[in-house]
Number of protein chains: 2
Amino acid sequence: MTEIEKTLENYQVRPTAMRILIYKYLAEKEIAVALTDIESAFAKAERTTLYRTLKTFEEKKIVHQIDDGTGISKYALCEKGCNCEIEQDLHLHFHCNNCNETVCLTEHKIPQIKVPDGYIAEDVNLVVKGICEKCSGQ
Amino acid sequence: MTEIEKTLENYQVRPTAMRILIYKYLAEKEIAVALTDIESAFAKAERTTLYRTLKTFEEKKIVHQIDDGTGISKYALCEKGCNCEIEQDLHLHFHCNNCNETVCLTEHKIPQIKVPDGYIAEDVNLVVKGICEKCSGQ
DNA sequence: GCAATAAATGCACTTCTGTTGCACTAGTTA
DNA sequence: TAACTAGTGCAACAGAAGTGCATTTATTGC
Ligand SMILES: [Mn+2]
Ligand SMILES: [Mn+2]
Ligand SMILES: [Zn+2]
Ligand SMILES: [Zn+2]
């Protein structure tokens, strides 16, 4: 049994051929991916299968969904030590206005946000837009 | 000439009947509204007209668009003193997981966010999700 | 191993939101 | 008033997300 298969089983996801491929794809990518990205990477695969794979991965906390403001859902693998199960994954995300790529900045945690009295905060989404390091040429 | 007409002209938007109605609607609402909200409020009006009115308002900085993570664009009037033209409107938004409403927390500015070297931040979107004051019963 | 069962996949179709093209109408300007 | 510009109405389209159902594949109990 490969490393990936073990990982999937740890998350209680049956390691089918397609799931292994998608997991590998996500692991190799350093940026958040949309369903359409996976679709074009695996042209032969059914969109629905890919869609449902992502949903399963999300449910089982293998990936987290990212709303970067483009209107297209992106997904990225959760970190090894990530405890999505217990608390929210509170790192920020960066969306490059130039190359249109979105990355997890897992090292950059979201600061404590104060909300007015009466409001109860349960989750925070923080997206910074601008120019990524690849595009800024630095 | 009414107050609203004057306001619209200040923003260099011609105060047509529809625009005045929509402006009034936005002004009375205390929450961010989606195109569909306006659509149902003005059942007789054309969706495209409403759509383009919002786009015009957004361009002329009468409203700002809000991405609250629901995947549906919402809009809210900019504050009187808001200088969207110069800098970004950096207040945070709150989305209630119970009543599904989104509000501007204009008093709550977004703190300075640090990004890694090489990254250039141009804009920040911060959405807190949870229970709003109406729903929390406090 | 084999039948029964459960999970995963493939295909077709739908819904929802946002968007555009184009003709027509209303309003503005010379 | 004529020429022009801006706004509106209608129709159609695009992209993403989601669902129902039949079929295939995998798992489990015997
Ligand atoms: Mn992330
Ligand atoms: Mn706002
Ligand atoms: Zn970039
Ligand atoms: Zn609420």
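Order of the sequence lines fixes the chain letters, A, B, ..., with proteins taken first and strands second; residue numbering starts at 1 for each chain. Basis for what follows: all heavy atoms, side chains included, without hydrogens, waters or symmetry-related copies.
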Contact check, side chains of [X] and [Y], non-hydrogen atoms, under 4.5 Å:
X	Y	result
B:Leu126	A:Asn125	no
A:Phe57	A:Leu8	yes
B:His95	B:Asn100	yes
A:Lys74	A:His93	no
B:Tyr119	A:Leu105	yes

Item checked: Sole residue of A:Ile4, A:Thr49, A:Val13 in side chain to side chain contact (heavy atoms under 4.5 Å, CB included) with A:Arg19 ->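 Single pass found, and it is A:Val13.
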Note to self: Can you tell me how far apart CG (A:Asp67) and CD1 (A:Ile72) are? Round to the nearest 0.5 Å.
What the structure shows: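 Atom-to-atom, A:Asp67:CG and A:Ile72:CD1 are 11.0 Å apart.
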Next item on the list: Go through DNA chain C in 5' to 3' direction and return only the first and the last nucleotide with some atom under 4.0 Å of chain A's heavy atoms.
Entry: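 In short, chain A contacts DNA chain C from C:dA7 to C:dC13.
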Next item on the list: For DNA chain C, determine which residues of residues 14-39 of chain A have any heavy atom closer than 4.0 angstrom to one of its atoms, and list them numerically.
Entry: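 Output list: A:Arg14, A:Thr16, A:Met18, A:Arg19.
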Note to self: Contact list please: residues 46-56 of chain A against DNA chain C, heavy atoms, distance less than 4.0 Å, in numerical order.
What the structure shows: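 Result for residues 46-56 of chain A: A:Glu46, A:Arg47, A:Thr48, A:Thr49, A:Arg52, sorted by number.
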Just by modelled atom types, is the [Y] backbone N or O under 3.5 Å from a matching donor or acceptor in the [X] side chain?
X	Y	answer
B:Lys109	B:Thr106	yes
A:Lys61	A:Cys78	no
B:Lys129	B:Asp68	yes

Note to self: I'd like the 5' and 3' limits of the part of DNA chain D contacted by chain B, with heavy-atom contacts below 4.0 Å.
What the structure shows: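 Listing 5' to 3', DNA chain D meets chain B from D:dA6 to D:dA12.
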Next item on the list: Go through the structure and list residues passing salt bridge (charged side-chain N to carboxylate O under 4.0 Å, His left out) with B:Glu58, not counting sequence neighbours.
Entry: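 Salt bridge (charged side-chain N to carboxylate O under 4.0 Å, His left out) list for B:Glu58, sorted by chain: B:Lys55.
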Listing, residues 21-43 of chain A side-chain donor-acceptor contacts under 3.5 Å, not counting sequence neighbours, or none:
{"unit_1": "A:Asp37", "atom_1": "OD2", "unit_2": "A:Ala34", "atom_2": "N", "d": "2.7"}
{"unit_1": "A:Ser40", "atom_1": "OG", "unit_2": "A:Thr36", "atom_2": "O", "d": "2.8"}
{"unit_1": "A:Ser40", "atom_1": "OG", "unit_2": "A:Asp37", "atom_2": "O", "d": "3.2"}

